[in-house]
Amino acid sequence: MRRTALLVSAALLTGLLPLTAASAAAGADEPTPVPVDRFEGEVPFASPPAEGLFTWGSDTDDPPALQLSPRSDAPEGEKVLAGSYDISGYGGFTHNFAFDKPAHDWSAGKGIRFWWDGRNNGKKIAFELKDGGANGEASELWTTSFTDDFSGWKQIEIPFTDFTYRTDYQPVGGIDQVLGLTEMWGYAVTLPVGVKSDFAMDGVELYGKADQSLRASVTTGAAVYPVGEGGTAGVKISVVTTGSAPIDEPVTVVYETAGGTATPGKDYTPVTGTITFPAGTASGTTRTVQVPTLKDRSAESAETVPLKLTVTGAKAPAETPQVVVDAHGLPYLNTKLPLKRRVADLLSRMTLAEKAGQMTQAERGALTAPGDIAAYDLGSLLSGGGSTPTPNTPEAWAKMIDGFQLRAQATRFQIPLIYGVDAVHGHNNLVGATIMPHNIGIGASRDPGLAHKAGAVTAAEVRATGIPWDFAPCLCVTRDERWGRSYESFGEDPALVESMETVIQGLQGRADGRDLDRNDKVLATAKHFVGDGGTE
């Protein structure tokens with residue numbers, strides 16, 4: 001349905017609504033809801049990427065079956081959208097109400113709501129918006145969810161502020177990561193996995209009036225601000241709005257240093273004050289709060305100075321920013337001392353929990369929040385197959401890993417993370433990387449020099465994204481082609497596999513490790529196990 005048609009439909013439907021119902025739905029100060037989809041037959045079933053309702057899924061069994069069903073208890077009109085599903089991978093349906101331009105402007109509303117016929121199965125149902133971009137299949141995806149923990153019809157209200165940017169998948173790798181609401185192309189519903197059930201939905205509409213506290217947010221330039229002892233940290237505080245419009249009303253931010261492990265007056269000078277962003281301030285306007293630290297003669301581990309922010313007129317930051325006074329004066333930080341002495345000093349200071357954290361390597365997708373890195377003193381993160389940032393660009397990889405490293409600076413001893421990736425035949429998780437033949441193909445060349453070059457190209461591209469460690473090469477000796485991972489081996493002859501050890505020098509440089517500080521070399525990993533490839 002085009003924008004003009006939608007507006008005409010909204011006007012007609014509003015005129016048909018009983019005044020009492022419209023008043024009750026809108027409230028005294030609320031605008032009349034704007035219908036998006038009433039499922040009375042005005043929206044056709046279609047195939048992607050056309051306008052209309054269409055299903056999708058991970059295989060042929062996963063797309064749900066949809067129909068417009070007459071229901072005597074329909075919350076609106078006479079029909080509802082009904083369907084059945086039994087999903088093993090993923091599946092759901094989409095309403096593309098504007099695949100091609102013009103897109104719709106939803107920035108005046110508070111949120112979106114719809115009726116859902118609950119089954120009380122305790123399952124989460126994802127609801128997603130298509131925002132911005134060239135068209136309905138080249139937009140950004142913003143998602144939230146609700147839980148089916150009720151029976152019968154219930155109106156689900158979702159403020160636009162509840163939607164978060166999808167980090168696991170974006171059709172075009174992301175655009176600006178801002179929910180603008182001025183170019184909306186459609187919505188999608190992802191149904192639960194692992195339960196055979198049916199559903200019914202009715203009356204999708206926009207509700208409420210966008211007020212500033214819902215569309216304006218206060219953000220900080222970073223969550224962690226490391227600073228050398230005696231230095232001054234500059235904490236950046238910005239006001240941003242959905243749709244990038246100037247703020248309508250003033251936004252105030254009261255700040256004060258409070259809590260943390262640093263001692264006020266000894267480790268830092270306490271600060272407090274108020275920042276006011278006047279009405280009309282442009283989205284993205286930034287102010288800086290200076291937090292001075294103090295010098296003393298003591299050697300110390302890192303100490304934290306949280307900057308508490310109290311926000312009026314906008315949404316507060318998700319996290320309290322922390323100034324971190326860097327660790328200083330301790331033997332393990334002294335590069336002039338012998339390595340063994342530095343290691344012994346560091347280990348003697350660590351708790352058992354800190355040691356356990358350093359021995360833990362987590363997949364990046366397993367983090368519940370970036371703060372987990374400091375909370376658990378994590379020593380390592382990795383990207384498994386398909387685990388990528390959004391957008392999937394070298395710049396985004398480097399920015400992501402820099403952000404993880406910054407979090408490690410909030411720990412007592414500020415031990416850097418080591419990040420690893422499965423770049424087993426080129427940096428194969430990165431869009432646009434040079435993809436090499438698998439090991440079985442390189443082994444077939446019988447050319448150790450070629451293996452060396454493949455390792456060198458892979459190392460340069462991995463390191464360019466900020467990653468110092470590659471989980472390659474695989475040194476298995478495949479003895480039976482029916483083994484599903486034969487492609488990971490250079491061949492069935494142990495002598496051939498051994499001759500291809502040149503790939504390690506391609507990745508690492510010279511065997512004594514002196515090249516590992518170069519910006520085109522990475523740490524290699526001889527994997528997986530003794531006997532790997534001898535599978536029966």
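Keep in mind the model is a prediction, meaning the values are calculated, not measured. FYI, side chains are in, hydrogens and waters are out, and symmetry mates aren't considered; it's all heavy atoms of this structure.
Using a 4.0 Å cut-off between a side-chain N of Lys or Arg and a carboxylate O of Asp or Glu, Asp117 and Arg119 qualify as a salt bridge. Salt-bridge formation is not detected for the pair Glu40/Lys79: no Lys NZ or Arg NE/NH1/NH2 atom is positioned less than 4.0 Å from an Asp or Glu carboxylate oxygen. Classification of Glu536 and Arg479 as a salt-bridged pair fails, no side-chain N sitting under 4.0 Å from a carboxylate O. A salt bridge links Lys527 to Asp422: one of the charged nitrogens lies within less than 4.0 Å of a carboxylate oxygen. Salt-bridge formation is not detected for the pair Glu78/Arg71: no Lys NZ or Arg NE/NH1/NH2 atom is positioned less than 4.0 Å from an Asp or Glu carboxylate oxygen.
For the atom pair CG (Leu206) and CE (Met184), the distance works out to 9.0 Å, reported to the nearest 0.5 Å. Here the NZ-CD1 distance, from Lys154 to Ile156, works out to 5.0 Å after rounding to the nearest 0.5 Å. Between the CG atom of Asp532 and the CG atom of Leu475 there is a distance of 9.0 Å, given to the nearest 0.5 Å. The line from CD of Glu492 to CG of Asp480 is 10.0 Å long, rounded to the nearest 0.5 Å. Once rounded to the nearest 0.5 Å, the distance linking CG of Leu66 with CG of Leu53 reads 7.0 Å. Between Leu181 atom CG and Asp105 atom CG the span is 8.0 Å, to the nearest 0.5 Å.
Between the Asp372 side chain and the Thr368 main chain, a donor and an acceptor come within less than 3.5 Å of each other. Formation of a donor-acceptor pair under 3.5 Å by the Gln67 side chain with backbone atoms of Ser69 is not found in this model. In this structure, the side chain of His425 engages the main chain of Met436 through a donor-acceptor pair within 3.5 Å. Gln322 places no side-chain N or O within donor-acceptor distance of the main-chain N or O of Ala410, the cut-off being under 3.5 Å. One N or O on the side chain of Asn428 and one on the backbone of Val424 form a donor-acceptor pair closer than 3.5 Å. A distance-only check finds no donor-acceptor pair linking the side chain of Thr220 to the backbone of Ala223 [under 3.5 Å]. The main-chain N or O of Gly89 is found under 3.5 Å from a side-chain atom of Asp62 such that the two form a donor-acceptor pair. Under the 3.5 Å distance criterion, the side-chain polar atoms of Asn429 are matched with a main-chain donor or acceptor of Gly384. Looking at Asn120, its side chain never comes within 3.5 Å of a backbone N or O of Ser151 through a donor-acceptor pair. Checked by atom type and distance alone, the side chain of Lys124 never pairs as donor or acceptor with a backbone atom of Ser145 at under 3.5 Å.
If you check the side chains of Thr164 and Trp142, you find no donor sitting under 3.5 Å from an acceptor. Counted by atom type alone, His427 and Thr465 present one or more donor-acceptor pairs between their side chains at under 3.5 Å. Side-chain contact, Glu461 with Thr434: a donor N or O sits under 3.5 Å from an acceptor N or O. Side-chain contact check for Glu137 and Asn96: at least one donor-acceptor pair (N or O, by modelled atom type) lies under 3.5 Å. In the model, Ser486 has a side-chain atom that pairs as donor or acceptor with a side-chain atom of Thr478 under 3.5 Å. In this structure, a donor-acceptor pair under 3.5 Å is present between the side chains of Trp397 and Asn392. No side-chain N or O of Asn135 forms a donor-acceptor pair with one of Trp185 less than 3.5 Å apart.
Residues Gln361 and Leu381 form no side-chain contact, since every pair of their non-hydrogen atoms from C-beta on lies 4.5 Å or further apart. Contact of the Pro63 side chain with the Tyr90 side chain is not registered, since no non-hydrogen atoms from C-beta on lie closer than 4.5 Å. Val218 is listed as a side-chain neighbour of Val251, based on a closest heavy-atom distance under 4.5 Å. Within the 4.5 Å cutoff, the side chain of Trp115 has no heavy atoms near those of the Met201 side chain. Side-chain contact between Asn439 and Cys474: present, with at least one pair of heavy atoms (C-beta onward) separated by less than 4.5 Å. No side-chain heavy atom of Pro35 sits under 4.5 Å from any side-chain heavy atom of Glu76. Between Asp131 and Ser139 the shortest side-chain heavy-atom distance does not fall below 4.5 Å. With a 4.5 Å cut-off on side-chain heavy atoms, Thr94 and Lys130 count as touching.
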Arg166/Thr143 under side-chain hydrogen bond (donor to acceptor under 3.5 Å, both in side chains): CA gap, chis, key distance, verdict: CA-CA 6 Å; Arg166 276 190 65 171; Thr143 188; 5.8 Å; no

Candidate pair Phe54 and Phe45, rule ring pair (Phe, Tyr, Trp, His ring centres under 6.0 Å), full reasoning: CA-CA 6 Å; Phe54 55 84; Phe45 290 104; over 10 Å; no

Trace of the side-chain contact (heavy atoms from CB on, under 4.5 Å) decision for Thr286 with Ile237: CA-CA 5 Å; Thr286 300; Ile237 299 175; 5.9 Å; no

Check against side-chain contact (heavy atoms from CB on, under 4.5 Å), Glu51 and His95: CA-CA 7 Å; Glu51 296 180 10; His95 176 193; over 6 Å; no

Evaluation steps, side-chain hydrogen bond (donor to acceptor under 3.5 Å, both in side chains), between Thr147 and Asp149: CA-CA 6 Å; Thr147 302; Asp149 55 1; 5.3 Å; no

Test side-chain contact (heavy atoms from CB on, under 4.5 Å) applied to Ile87 and Leu191, step by step: CA-CA 8 Å; Ile87 302 170; Leu191 294 164; 3.7 Å; yes

Worked verdict on Trp106 versus Phe97 for ring pair (Phe, Tyr, Trp, His ring centres under 6.0 Å): CA-CA 13 Å; Trp106 285 6; Phe97 50 75; 5.4 Å; yes

His528/Cys476 under side-chain contact (heavy atoms from CB on, under 4.5 Å): CA gap, chis, key distance, verdict: CA-CA 7 Å; His528 286 116; Cys476 51; over 6 Å; no

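The environment of OH in Tyr487 is crowded: more than 12 heavy-atom neighbours from other residues, nucleotides or ligands sit within 6.0 Å.
Only one option out of Asp73, Asp37, Val80 pairs with Asp202 in a side chain to side chain contact (heavy atoms under 4.5 Å, CB included); it is Val80. Screening Tyr187, Trp153, Phe146 for a ring pair (Phe, Tyr, Trp, His ring centres under 6.0 Å) with Phe114, the sole residue that qualifies is Phe146. Of the candidates Tyr85, Phe127, Phe199, Phe199 is the only one forming a ring pair (Phe, Tyr, Trp, His ring centres under 6.0 Å) with Phe93.
Taking every heavy atom of both residues into account, Ser380 and Trp469 meet most closely at OG-CZ3, 3.9 Å. Taking both residues in full, the closest heavy atoms of Ala103 and Ala98 are given as CA-CB, 4.2 Å, listed atom of the first, atom of the second, then distance. Here the closest non-hydrogen pair linking Ala454 and Ile442 is CB-CD1, 3.9 Å. The nearest pair of heavy atoms linking Ile247 to Ala216 is CG2-CB, 4.4 Å. In terms of heavy-atom proximity, Leu309 sits nearest to Pro317 at CD1-CG, 3.9 Å. Between Gly91 and Pro64, the shortest heavy-atom distance links the atoms C-CD, 4.5 Å.
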